[in-house]
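One structure is given here, and the rest of the page talks about it.
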Amino acid sequence: MAQVNLKKVSKIFPGDVKVVNNVSLWVENKEFIVLVGPSGCGKSTTLRMIAGLEDISEGEIFIGDRKVNSVPAKDRDIAMVFQNYALYPHMTVFENMSFGLRLKHYPKSEITERVNEAADILGIKRLLNRRPKELSGGERQRVAVGRAIVRKPRVFLFDEPLSNLDAKLRTQMRTEIHKLHIRLQTTMIYVTHDQIEAMTMGDRIAVMREGILQQVADPITVYDHPKNKFVAGFIGSPPMNFMNGRIIKKDGRLYFDEGKIAVKIVENMLSKLNPYVGKEIIFGIRSEDIYDKLFVSEAPPENIVRVNCEVIEPMGSEVYLYLNTGKHTFIARVGAHNKPRLNEDMDLVFDMSKVHFFDKDTEGTVI
């Protein structure tokens with residue numbers, strides 16, 4: 001079994017700088033889990049501790065049933081794919097892919113068989129006699145992955161492997177790595193700062209911020225039910241819109257009052273929001289849950305808001321509208337057929353069944 005278990009793991013650098021803070025994470029056998037967060041959040045350091053490339057300051061790491069805190073990287077039965085590929089420039093693709101096996105004195109026939117098998121999987125068999133300088137960025141990345149595959153490790157570790165590729169190739173390689181996981185049925189831990197990669201690739205996502213694990217769940221759960229304002233704002237493109245305001249009571253009904261606009265709270269949110277009446281709160285709504293009133297057949301009057309359209313950004317099949325209430329700016333993502341006039345007021349409808357509220361002080365999710 002190749003499950004990975006982190007128990008209260010921390011990494012403290014000189015000067016008492018805690019870059020990874022008390023992280024506990026269970027990775028199932030054959031699971032693909034993605035560590036995601038902004039630069040400097042500790043995700044790569046966490047990966048390097050699993051790999052044995054960084055010492056653990058506190059806590060324990062298990063690979064399978066074996067505690068590996070003091071086990072050298074070469075004896076952990078893992079393979080790591082780096083951001084910069086780390087290929088030997090003077091070696092051919094075949095020699096790069098077989099290097100680890102040759103160091104362990106595998107028979108030549110088995111080395112050839114494993115390299116050819118990995119090259120077939122990745123579609124790079126025609127490149128085996130070339131050197132890295134003769135390859136494109138995507139081909140180099142495939143070679144780096146192939147070098148990991150030939151070792152048949154218990155766990156694959158990926159440290160932002162696609163960040164040096166252009167957008168089109170990055171999308172293609174995301175698909176290739178996802179298919180590779182399905183084919184190999186091996187545990188994979190993948191680090192990225194790109195939340196789109198996280199959403200499209202992982203069985204589960206582990207969101208990190210300033211060394212602390214914020215939330216671990218499947219992508220849809222993280223998107224629909226973020227644990228706090230940070231997760232809600234980090235996962236999603238465009239990011240979730242936030243507005244500061246108050247919960248007010250009027251004519252026996254609850255409203256969120258932003259100062260310039262007010263919208264009615266739906267029935268199933270009342271019990272959670274009643275304690276916040278008269279208090280400040282953070283309102284969150286995703287861009288796809290905001291509609292142009294002209295294209296909505298029926299809209300409750302209390303959910304209609306008037307805003308100014310400051311920027312129109314065509315994206316092909318959809319349009320991003322950058323809007324202003326007079327107090328807050330936010331983004332709506334609407335269909336390409338929506339053509340509002342720039343710098344003019346327009347009426348929008350908020351889908352209040354899909355909004356989120358966060359505590360002003362803790363930034364934890366209220367609902």
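- Considering only heavy atoms from C-beta on, Ile189 comes within 4.5 Å of Val4 through its side chain.
- From Arg286, atom CZ reaches atom CD1 of Ile331 across 12.0 Å, with rounding to the nearest 0.5 Å.
- Among residues two or more places apart in sequence or in another chain, the ring pair (Phe, Tyr, Trp, His ring centres under 6.0 Å) test is passed with Phe358 by Phe242.
- In this structure, Ile290 and Asn241 have side chains that are in contact, with non-hydrogen atoms separated by less than 4.5 Å.
- Separating the CD1 atom in Ile247 from the CG atom in Asp257 is a distance of 9.5 Å, to the nearest 0.5 Å.
- The shortest side-chain heavy-atom distance between Val222 and Val231 falls under the 4.5 Å cut-off.
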Query raised in the report: For Lys30 and Leu184, what are the C-alpha separation, side-chain angles and deciding distance, and is it a side-chain contact (heavy atoms from CB on, under 4.5 Å)?
Result: CA-CA 9 Å; Lys30 301 181 182 179; Leu184 298 180; over 6 Å; no

Report task. Check the pair Leu122, Glu176 against side-chain contact (heavy atoms from CB on, under 4.5 Å), reporting the backbone distance first and the verdict last. Result -> CA-CA 8 Å; Leu122 295 166; Glu176 292 299 321; 5.9 Å; no

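- Distance check, rounded to the nearest 0.5 Å: CG of Asp289 to CE of Met352 gives 11.0 Å.
- Residues Val27 and Leu6 fail the side-chain proximity criterion, which asks for heavy atoms closer than 4.5 Å.
- With sequence neighbours excluded, no residue satisfies side chain to side chain donor-acceptor pair (under 3.5 Å) with Tyr85.
- Here the NE2-OG1 distance, from His181 to Thr187, works out to 7.0 Å after rounding to the nearest 0.5 Å.
- A donor-acceptor pair is defined here as one N or O able to donate and one able to accept, closer than 3.5 Å; no such pair exists between the side chain of Glu160 and the backbone of Val191.
- Summarising the geometry of Cys309 relative to Pro340, their closest heavy-atom pair is SG-CG, 4.2 Å, with the distance given to 0.1 Å.
- Each of Phe158 and Val216 belongs to its own hydrophobic cluster when Ile, Leu, Val, Met, Phe, Trp and Tyr are linked at side-chain heavy-atom distances under 4.5 angstrom.
- Under the 4.5 Å side-chain contact rule for hydrophobic residues, Phe82 and Met188 do not share a cluster.
- Note that NZ of Lys108 is 11.0 Å distant from OG of Ser98, once rounded to the nearest 0.5 Å.
- For the pair Lys250 and Tyr255, the cation-pi test (distance below 6.0 Å, angle within 45°) is passed.
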Requested in this report: Take Val334 and Leu321 through the side-chain contact (heavy atoms from CB on, under 4.5 Å) test and state the conclusion after the steps.
Outcome: CA-CA 8 Å; Val334 298; Leu321 307 179; 3.9 Å; yes

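- Using modelled atom types, one side-chain atom of Asp203 and one backbone atom of Phe32 make a donor-acceptor pair closer than 3.5 Å.
- Side-chain contact, Tyr190 with Glu197: a donor N or O sits under 3.5 Å from an acceptor N or O.
- By the ring pair (Phe, Tyr, Trp, His ring centres under 6.0 Å) test, Tyr88 is found to be paired with Phe99, residues two or more places apart in sequence or in another chain being considered.
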Validation: residues 12-23 side-chain donor-acceptor distances under 3.5 Å, sequence neighbours left out:
none

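- Side chain to side chain, Gln83 and Ser163 meet the donor-acceptor criterion of an N or O pair below 3.5 Å.
- Residue Arg170 comes nearest to Leu165 through the heavy atom pair NH1-O, 2.8 Å, listed as atom of the first residue, atom of the second, then distance.
- Using a 4.0 Å cut-off between charged side-chain N and carboxylate O, Asp347 and Arg306 make a salt bridge.
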Report task. Start with the C-alpha gap between Val263 and Glu302, add the side-chain angles, then the distance that decides, and say whether side-chain contact (heavy atoms from CB on, under 4.5 Å) holds. Result -> CA-CA 6 Å; Val263 282; Glu302 57 270 24; over 6 Å; no

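- Here the closest non-hydrogen pair linking Arg142 and Gln172 is NH2-NE2, 3.3 Å.
- By the 30° and 60° cut-offs, the orientation of the rings of Phe295 relative to His337 is perpendicular.
- With no hydrogens or angles considered, a side-chain donor-acceptor pair links Ser353 and Asp351 at under 3.5 Å.
- Taking 4.0 Å as the cut-off between side-chain N and carboxylate O, Arg333 and Glu288 count as a salt-bridged pair.
- Partner of Thr200 under the side chain to side chain donor-acceptor pair (under 3.5 Å) criterion, chosen from His178, Gln195, Arg174: Arg174.
- Just one of Ile124, Val145, Ile149 meets the side-chain contact (heavy atoms from CB on, under 4.5 Å) condition when paired with Met97; it is Ile124.
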Can I get a per-line list of side-chain donor-acceptor pairs under 3.5 Å for residues 132-139, giving both atom names and the distance, sequence neighbours left out?
unit_1: Glu134; atom_1: OE1; unit_2: Arg131; atom_2: N; d: 2.8
unit_1: Ser136; atom_1: OG; unit_2: Glu139; atom_2: N; d: 3.3
unit_1: Ser136; atom_1: OG; unit_2: Glu139; atom_2: OE1; d: 3.4
unit_1: Glu139; atom_1: OE1; unit_2: Ser136; atom_2: N; d: 2.9

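- Looking at Arg204 and Asp218, no side-chain N of the basic residue comes within less than 4.0 Å of a carboxylate O on the acidic one, giving no salt bridge.
- Residues Ile220 and Val207 do not share a hydrophobic cluster, clusters being chains of Ile/Leu/Val/Met/Phe/Trp/Tyr side chains in contact below 4.5 Å.
- When side chains are defined from C-beta on, Val71 counts as touching Arg66, because their heavy atoms get closer than 4.5 Å.
- Classification of Glu117 and Arg114 as a salt-bridged pair fails, no side-chain N sitting under 4.0 Å from a carboxylate O.
- When Lys8, Lys7, Lys67 are each tested for a side chain to side chain donor-acceptor pair (under 3.5 Å) with Glu60, only one passes: Lys67.
- The two residues Tyr223 and Pro226 come nearest to each other via the heavy atoms O-CD, 3.7 Å.
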Query raised in the report: When you look at Asp159 and Ser44, which way does the side chain to side chain donor-acceptor pair (under 3.5 Å) test go after all the steps?
Result: CA-CA 6 Å; Asp159 190 8; Ser44 288; 2.8 Å; yes

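- Side-chain atoms of Val366 and His356, non-hydrogen and from C-beta on, never get closer than 4.5 Å to each other.
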Please tabulate, for side-chain N and O atoms in residues 265-283, each donor-acceptor pair with protein atoms closer than 3.5 Å (sequence neighbours left out).
unit_1: Asn274; atom_1: ND2; unit_2: Leu270; atom_2: O; d: 3.2
unit_1: Tyr276; atom_1: OH; unit_2: Asp359; atom_2: OD2; d: 2.8
unit_1: Lys279; atom_1: NZ; unit_2: Pro275; atom_2: O; d: 3.4

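- With respect to Glu258 and Lys327, no salt bridge is recorded, no charged nitrogen being found less than 4.0 Å from a carboxylate O.
- Following chains of ILVMFWY side-chain contacts shorter than 4.5 Å, one can reach Val93 starting from Val81, so the two form part of one hydrophobic cluster.
- Annotation for Arg147 and Arg151: closest pair O-CG, 3.7 Å, computed over non-hydrogen atoms.
- Counted by atom type alone, Asn324 and Glu310 present one or more donor-acceptor pairs between their side chains at under 3.5 Å.
- To the nearest 0.5 angstrom, Leu162 atom CG is 6.0 Å from Gln141 atom CD.
- Two residues are said to be in side-chain contact when any heavy atoms from C-beta on lie closer than 4.5 Å; Tyr320 and Pro238 meet this criterion.
- Remark: the Thr92 side chain and the Asn129 side chain contain no N/O donor-acceptor pair separated by less than 3.5 Å.
- Side chains of Ile63 and Asp77 form no contact here, defined as non-hydrogen atoms less than 4.5 Å apart.
- A single hydrophobic cluster is seen to contain both Leu53 and Ile50, as judged by linkage of ILVMFWY side chains at heavy-atom distances under 4.5 Å, directly or through other members.
- In this structure, Val34 and Gly202 approach most closely via the heavy-atom pair CG2-CA, 3.6 Å.
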